[in-house]
Amino acid sequence: PACVSGVHDPLAEYSMYSLLPWTIAGAMVVTARLLRVLGYQFVGVVVQWNAVGAMVFVFFLYIARLAVQPFLCQGHPTDQTTALIFPAVECWSSDHSAFLAIGGINLCITVLPFLTACTVATLLHRSWAAQGNFTMARRFRFLFGRWASKHFDF
């Protein structure tokens with residue numbers, strides 16, 4: 001945002017970084033819906049689910065690191081602690097509480113649900129395959145697409 005507005009605002013910058021994965025996921029869903037309206041039938045809900053899951057999977061370390069960074073403070077020789085991501089923000093100040101709120105929201109709406117979904121899918125994948133529920137297996141293809149059936153013995 002500083003390159004656009006000319007003003008360096010750490011909270012606006014952190015908010016923009018936090019919204020980046022959601023913006024990409026939203027653009028992917030809108031593009032898929034638009035392609036479907038235009039008559040391309042290969043873009044179904046299962047394909048969209050898998051594409052967004054793959055995008056979150058690719059950016060997961062970025063998202064998780066970004067969500068945790070407001071909780072990391074660094075000490076200085078003057079006994080002052082500042083946010084690790086933005087050293088101009090003093091820890092536990094009113095400015096820092098906004099960072100903590102955004103980081104907590106990121107953890108609750110992105111990191112924890114994605115980890116939970118991947119854990120549940122991993123635990124249920126074998127039963128989905130045994131029951132012939134290939135729709136759910138295809139939704140999580142970004143997790144299991146690289147597996148070979150000869151290695152499926154757990």
Side-chain angles (χ1 to χ4, degrees), residues 1-37 43-128 135-148 151-152 154:
C3 61
V4 176
S5 66
V7 178
H8 179 69
D9 182 12
L11 186 59
E13 190 173 333
Y14 181 72
S15 299
M16 184 196 69
Y17 292 148
S18 297
L19 290 174
L20 181 66
W22 289 103
T23 305
I24 294 170
M28 290 172 66
V29 169
V30 167
T31 302
R33 299 287 177 169
L34 183 63
L35 287 173
R36 190 171 184 131
V37 167
V43 183
V45 175
V46 173
V47 173
Q48 291 174 24
W49 182 282
N50 181 54
V52 171
M55 190 275 307
V56 173
F57 189 69
V58 168
F59 287 109
F60 184 73
L61 288 178
Y62 169 80
I63 295 167
R65 190 180 119 230
L66 194 65
V68 171
Q69 278 185 335
F71 299 97
L72 302 176
C73 293
Q74 62 182 353
H76 297 281
T78 61
D79 290 336
Q80 180 185 18
T81 56
T82 59
L84 188 62
I85 187 171
F86 292 110
V89 176
E90 188 174 347
C91 283
W92 316 116
S93 66
S94 59
D95 292 337
H96 188 241
S97 61
F99 283 102
L100 291 173
I102 295 172
I105 290 170
N106 277 344
L107 279 172
C108 291
I109 67 171
T110 307
V111 176
L112 296 176
F114 185 74
L115 282 176
T116 303
C118 289
T119 302
V120 169
T122 302
L123 294 173
L124 296 178
H125 186 262
R126 187 175 181 131
S127 67
W128 291 339
T135 301
M136 290 304 288
R138 280 193 301 256
R139 284 185 182 177
F140 289 95
R141 190 173 56 212
F142 65 91
L143 279 177
F144 307 114
R146 293 177 296 276
W147 286 14
H151 301 297
F152 194 63
F154 61 90

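By convention here, the first residue in the shown sequence is residue 1. In what follows, every heavy atom counts, from backbone to side chain, and hydrogens, waters and symmetry copies are set aside.
What you find for Phe142 and Cys118 is that their closest heavy atoms are CE1-SG, 4.4 Å. The two residues Pro21 and Met55 have their closest heavy-atom pair at O-CE, 3.4 Å.
Contacts of Thr135 classified as side-chain contact (heavy atoms from CB on, under 4.5 Å), with partners at least two apart in sequence or in another chain: Val46, Asn133, Arg138, Arg139. Remark: Ala121 engages Trp128, Phe140, Leu143, Phe144 in a side-chain contact (heavy atoms from CB on, under 4.5 Å) (not counting sequence neighbours).
Between Val111 and Ile63, some side-chain heavy-atom pair lies under the 4.5 Å cut-off. Looking at Ser18 and Leu66, their side chains come closer than 4.5 Å, going by heavy atoms from C-beta outward. Counting only heavy atoms from C-beta outward, the side chains of Ser127 and Leu124 approach each other to under 4.5 Å. Side-chain atoms of Phe59 and Ile24, non-hydrogen and from C-beta on, do get closer than 4.5 Å to each other.
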When the side chains of residues 96-104 are checked against the rest of the protein, which donor-acceptor pairs come out under 3.5 Å, sequence neighbours left out?
| from | atom 1 | to | atom 2 | distance (Å) |
| --- | --- | --- | --- | --- |
| His96 | ND1 | Trp92 | N | 3.0 |
| His96 | NE2 | Pro70 | O | 2.8 |
| Ser97 | OG | Ser94 | O | 2.6 |

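Within the structure, the side chain to side chain donor-acceptor pair (under 3.5 Å) test picks out the following pairs touching residues 73-84 (sequence neighbours left out): His76-Thr82. The disulfide bond (SG atoms under 2.5 Å apart) analysis of residues 46-77, with sequence neighbours excluded, yields the pairs Cys73-Cys91. Counting only residues at least two apart or on different chains, the side chain to side chain donor-acceptor pair (under 3.5 Å) pairs with a member in residues 109-120 are Trp22-Thr110.
In this structure, CD in Gln69 is found 11.0 Å from CG in Asn106, a value given to the nearest 0.5 Å.
Relative ring orientation between Tyr14 and Phe86 is described as perpendicular, the plane-to-plane angle rising above 60° on a 0-90° scale split at 30° and 60°.
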